[in-house]
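These notes concern the structure reproduced below.
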Amino acid sequence: MANPLFDHLFGNHAGKDTPFLILKDGQVITHAAFLSMTARFARAFKALGLKPGDRLALQAEKSPEALAVYAAAVQSGIVFLPLNTGYTAAEVSYFVENSEARLLICDPVKADGLRPVAEACHAALETLDADGNGSLPERARGERDAFATVPRAPDDLAAFLYTSGTTGRSKGAMLTQTNLLSNAQTLVDVWRFTRDDVLLHALPIFHTHGLFVATNVTLLAGGSLLFLPKFDADDVIDLLPRATTMMGVPTFYTRLLDDPRFTGDLVRHMRLFVSGSAPLLAETHVQFEKRTGHRILERYGMTETNMNTSNPYEGARRAGTVGFPLPGVELKITDPASGETLPDGEIGQIEVRGPNVFKGYWQMPEKTREELRADGFFITGDLGLIDDQGYVQIVGRNKDLIISGGYNIYPKEIEVLLDDQPGVLESAVVGVPHPDFGETVVGFVVAEKTTPPDLDGISAAVGTQLARFKHPRKLIVLPELPRNTMGKVQKNILRQDYGDLFAG
Ligand code: MLC
Ligand code: AMP
C-alpha cells in the first residue's frame with residue numbers, strides 16, 4: 001500500500017458525506033470536506049518547499065484546521081510534531097531547533113515572539129488561529145482540493161512527540177507509520193469501535209491520547225468526533241447525550257463527578273468511557289459506577305509506545321489495574337538492577353515490546369540504548385506487577401516524573417531553572433496529591449547564605465521560561481534538603497511531609 005497510515009485512516013473516506021467533526025456550535029464537517037481541506041494544506045506545504053521526511057512543528061489551538069495539518073502532514077510524508085499550546089517561546093525554540101523543523105505553524109498572537117526562533121532555525125513560519133484563520137489557510141485557499149498521497153514505507157517516520165527527560169532535556173520520540181497504525185487497529189478491535197461511534201473529544205490534540213488514541217481510532221472506524229476546543233464541564237454535559245463514547249484523563253472524570261448534573265440518566269445510552277494518561281483512583285472508578293452504572297475502562301500507554309495494556313471490553317474491568325497487555329504487545333516485569341524477569345506478583349519495572357514501540361529518540365542514540373533494549377523491549381520507567389489473574393497494576397515510577405492533569409512534568413527541568421535563580425543554593429521539586437490534577441508541583445529552595453531568595457522574582461522568572469502547567473503551585477524555603485547517607489535528596493520525605501498541602 002502506498003502510504004499505509006494515510007490510506008487506512010483517511011483514504012477510505014474519499015467522497016463520503018458522513019459526519020467526521022461535529023463542532024460545539026453544531027457545524028458538521030464531513031469526512032469528504034475534511035479530506036479536501038487536508039489536500040489543500042498538503043499542496044500549501046509543497047508550495048512552501050517541504051519535502052517528505054521534513055519535520056513540521058505545530059503550536060496551535062485545537063481546531064478542525066489544526067487537525068487537518070496533521071492529516072496533511074501524513075498525506076505528504078512529512079513528520080508531524082505537535083506542541084503543547086502552553087509552551088513558552090523558549091521551550092518551542094528548543095523543539096524547533098532540535099528537530100530541525102522546516103516549518104513552524106503558530107497562533108498569530110505568538111508570531112512576533114516566534115519569528116526569531118523560526119529564523120534562527122531556518123524554518124518557515126505560518127500562522128493558524130483558533131477559528132481556523134491565518135496565513136496557512138490563506139495560502140491553502142487558492143489550492144486545488146486534490147493531492148497525490150506521498151508513498152511511505154511502514155518503518156518511515158510519521159510523528160515526533162517530545163517527552164521530557166530525567167536530565168531535563170526533552171527527547172523527540174520517533175514514531176513510525178506502523179507504530180501508529182498497528183495500535184489504532186488493535187484498539188478499534190478491542191474496544192469495538194464502528195462507524196456508528198460518536199466520540200466526545202475534549203482532549204488536546206498535541207498528545208498521544210487526544211491525537212493517536214481518540215482521533216486515529218475514530219478515523220479508522222469511520223466514526224465521528226464531537227470536537228470540543230477543550231474540556232469544559234458545561235459543554236461536555238451538554239453534548240454527552242449525543243455521544244456513544246468518551247475518552248479522558250482522570251481529571252475529566254473527577255470534574256464530572258463533582259457536578260450534580262452528571263447523572264446516570266445523562267449517560268445511560270453511552271457505550272464506553274475510557275481513562276488513561278495518569279492513574280485513575282480506585283475510588284473514582286467506584287464512585288463513577290455508583291453514579292452511572294458504567295465501569296470506566298482504564299488503559300495504560302506512553303508517548304513512546306502508544307497503548308500497551310487495557311482492561312477488557314467484555315469481562316471484569318478492575319479498579320486500580322490497567323488490565324492485560326494488548327494483542328501483539330509483550331509485557332514483562334523485570335528487576336531494575338539485573339534486568340531479569342520477575343515472577344508474577346513481584347514488583348519491578350515494566351518493559352514492553354511490540355509493533356507499537358517507537359524507533360528511538362531523535363539524535364540521541366545513547367538515551368535510546370539506555371531505554372530501548374537491543375531485543376526490542378522498552379523500559380517504561382513505570383513500576384508494577386502482574387497479579388494472579390494476569391492484570392497489570394502500576395504501583396509507582398522508577399523515574400522522577402510528576403503527572404498533573406495528564407501532563408507530564410519532569411522535576412529536573414524546573415530544578416535546573418530554580419538553581420539558577422539569585423539567592424538559591426539548591427532546589428528540589430516534587431509532586432504532591434492534588435484533588436483536581438491528581439498531582440501538582442511544589443518547589444523547595446535552600447537559600448544562599450548571603451542573599452535570601454525573592455520568591456516572587458523566582459515565580460516571574462519561571463513564568464517566562466516554562467509552560468504554566470509546569471509552574472510550582474507553591475515555593476517553600478527550607479534550611480536544607482533532606483538527604484540520605486549517600487547525599488541523595490530524599491524526595492519521598494518531602495512528598496510525605498508536604499503531602500496534604502492541597503488536601504481537598
Ligand atoms: C491547565 N493548567 C494546568 C493543567 N492544565 N496546570 C497543571 N496541570 C494541568 N494539566 C493550568 C492552566 O493554565 C491554568 O493556569 C490553571 O492550570 C487552571 O486551569 P484550569 O482551567 O483548571 O485547567 P483546564 O484548562 O481546565 O485544563 C485542565 C485539564 C487539561 C485537565 C482539562 O490539562 C487537559 O485537558 N489535560 C489533558 C492532558 C492530556 O491529554 N494528556 C495526555 C498525554 S498522552 P492559571 O494561569 O489559570 O493559573 C499520555 C499517554 C497516555 O500521557 O497514556 O495517554
Ligand atoms: P507520557 O510520557 O506523557 O506519554 O506519559 C506516560 C506515562 O503516563 C506512563 O509512563 C505512566 O507513568 C503514565 N500513565 C499512562 N496511563 C496510565 C494509567 N492508566 N495509570 C497510571 N499511569 C499511567
Side-chain angles (χ1 to χ4, degrees), residues 61-62 82 84-87 161-166 170-171 173 175 183 187 201-215 228-236 247-256 274-282 284-285 296-311 317 319-323 349-352 356 358 371 378-384 391-410 431 434-441 459 463 466-473 502:
E61 294 298 331
K62 185 174 172 184
N84 191 317
T85 46
Y87 288 148
L161 255 59
Y162 274 81
T163 144
S164 294
T166 39
S170 286
K171 304 166 286 185
L175 294 154
N183 212 235
L187 297 176
H201 194 300
L203 288 157
I205 51 169
F206 44 72
H207 277 310
T208 299
H209 197 162
L211 191 60
F212 301 143
V213 186
T215 305
L228 297 177
K230 59 174 290 220
F231 181 90
D232 175 283
D234 291 340
D235 293 339
V236 170
M247 293 184 187
V249 296
T251 301
F252 287 15
Y253 296 115
T254 51
R255 285 188 181 182
L256 286 174
V274 178
S275 176
S277 309
L280 182 77
L281 294 178
T284 309
H285 184 103
I296 298 175
L297 182 153
E298 186 172 8
R299 66 17 170 222
Y300 159 58
M302 285 186 80
T303 300
E304 288 92 333
T305 64
N306 295 282
M307 299 304 102
N308 295 313
T309 73
S310 172
N311 268 281
R317 298 177 194 168
T321 81
V322 292
Q349 60 188 8
I350 300 176
E351 298 193 24
V352 293
N356 54 317
F358 77 139
E371 296 177 34
F378 176 65
I379 305 167
T380 60
D382 292 307
L383 296 175
Y391 287 75
V392 177
Q393 286 178 27
I394 299 175
V395 300
R397 298 174 200 136
N398 205 14
K399 51 190 173 190
D400 196 11
L401 165 70
I402 299 166
I403 305 184
S404 165
Y407 288 150
N408 283 10
I409 301 163
Y410 281 83
H434 188 274
D436 186 29
F437 290 135
E439 283 183 289
T440 198
V441 182
S459 295
L466 298 180
R468 175 80 186 110
F469 69 90
K470 298 180 190 170
H471 297 187
R473 293 301 146 122
F502 297 91

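None of these values were measured; they are calculated from a predicted model. Counting starts at 1 for both ligands and their atoms, in listed order.
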Nearest heavy atoms of [X] and [Y], plus distance in Å:
{"X": "S277", "Y": "H209", "result": "OG-ND1, 2.8 Å"}
{"X": "A278", "Y": "I403", "result": "CB-CG2, 3.7 Å"}
{"X": "P250", "Y": "P279", "result": "CG-O, 3.4 Å"}

Regarding ligand 1, does [X] bring an N or O atom to under 3.5 Å of one of the ligand's N or O atoms?
{"X": "T303", "value": "no"}
{"X": "T251", "value": "no"}
{"X": "K230", "value": "yes"}
{"X": "G405", "value": "yes"}
{"X": "R255", "value": "yes"}
{"X": "R468", "value": "yes"}

Any non-hydrogen protein atom less than 4.0 Å away from [atom]:
{"atom": "atom 29 (C) of ligand 1", "value": "no"}
{"atom": "atom 46 (O) of ligand 1", "value": "yes"}
{"atom": "atom 13 (O) of ligand 1", "value": "yes"}

Mind checking the [atom1]-[atom2] spacing from [X] to [Y]? Nearest 0.5 Å is all I need.
{"X": "Y162", "Y": "Y87", "atom1": "OH", "atom2": "OH", "result": "11.0 Å"}
{"X": "I409", "Y": "D400", "atom1": "CD1", "atom2": "CG", "result": "11.5 Å"}
{"X": "L211", "Y": "L203", "atom1": "CG", "atom2": "CG", "result": "10.5 Å"}
{"X": "R255", "Y": "D232", "atom1": "CZ", "atom2": "CG", "result": "9.5 Å"}
{"X": "L280", "Y": "F252", "atom1": "CG", "atom2": "CZ", "result": "13.0 Å"}

Polar side-chain atom of [X] near backbone of [Y] as donor-acceptor pair, under 3.5 Å:
{"X": "Y253", "Y": "V274", "answer": "yes"}
{"X": "N183", "Y": "V213", "answer": "no"}
{"X": "N311", "Y": "E298", "answer": "yes"}
{"X": "H471", "Y": "A467", "answer": "yes"}
{"X": "T215", "Y": "G210", "answer": "yes"}

Should the proximity of [X] to ligand 1, defined as any heavy atom under 4.0 Å, be assigned to the side chain, the backbone, both, or neither?
{"X": "F252", "value": "side chain"}
{"X": "R473", "value": "side chain"}
{"X": "F437", "value": "side chain"}

task = Flag the pair E304 and K399 as a salt bridge only when some basic side-chain nitrogen lies within less than 4.0 angstrom of an acidic carboxylate oxygen.
result = no
query = Should the ring pair Y407 and F469 be called parallel, tilted or perpendicular, given that the plane angle runs from 0 to 90° and is split at 30 and 60?
reply = tilted
ask   = Among M247, H207, R299, which residue places a heavy atom closest to atom 53 (O) of ligand 1?
value = R299
Sorted by chain and number, the residues that approach ligand 2 to under 4.0 Å with a heavy atom = S277, A278, P279, E298, R299, Y300, G301, M302, T303, V322, D382, I394, R397, K399, I403, N408
Ligand 1 contact by [X], heavy-atom criterion under 4.0 angstrom:
{"X": "K470", "answer": "no"}
{"X": "H471", "answer": "no"}
{"X": "P204", "answer": "yes"}

Among all protein heavy atoms, pick the one closest to [atom] and tell me residue, atom and distance.
{"atom": "atom 54 (O) of ligand 1", "answer": "S277 OG, 2.6 Å"}
{"atom": "atom 33 (O) of ligand 1", "answer": "Y407 CE1, 3.5 Å"}
{"atom": "atom 41 (N) of ligand 1", "answer": "G406 O, 2.9 Å"}

Run the numbers for me: atoms of ligand 1, each under 4.0 Å from some heavy atom of [X], listed by number.
{"X": "L203", "result": "40 (O)"}
{"X": "G301", "result": "53 (O)"}
{"X": "F231", "result": "32 (C)"}
{"X": "S404", "result": "7 (C), 8 (N), 9 (C), 10 (N)"}

request  = Sort out for me which residue in N408, T380, N356 forms a side-chain contact (heavy atoms from CB on, under 4.5 Å) with M302.
outcome  = T380
query = Please walk me through it: do E371 and K171 pass salt bridge (Lys or Arg N to Asp or Glu O under 4.0 Å)?
reply = CA-CA 12 Å; E371 296 177 34; K171 304 166 286 185; 3.1 Å; yes
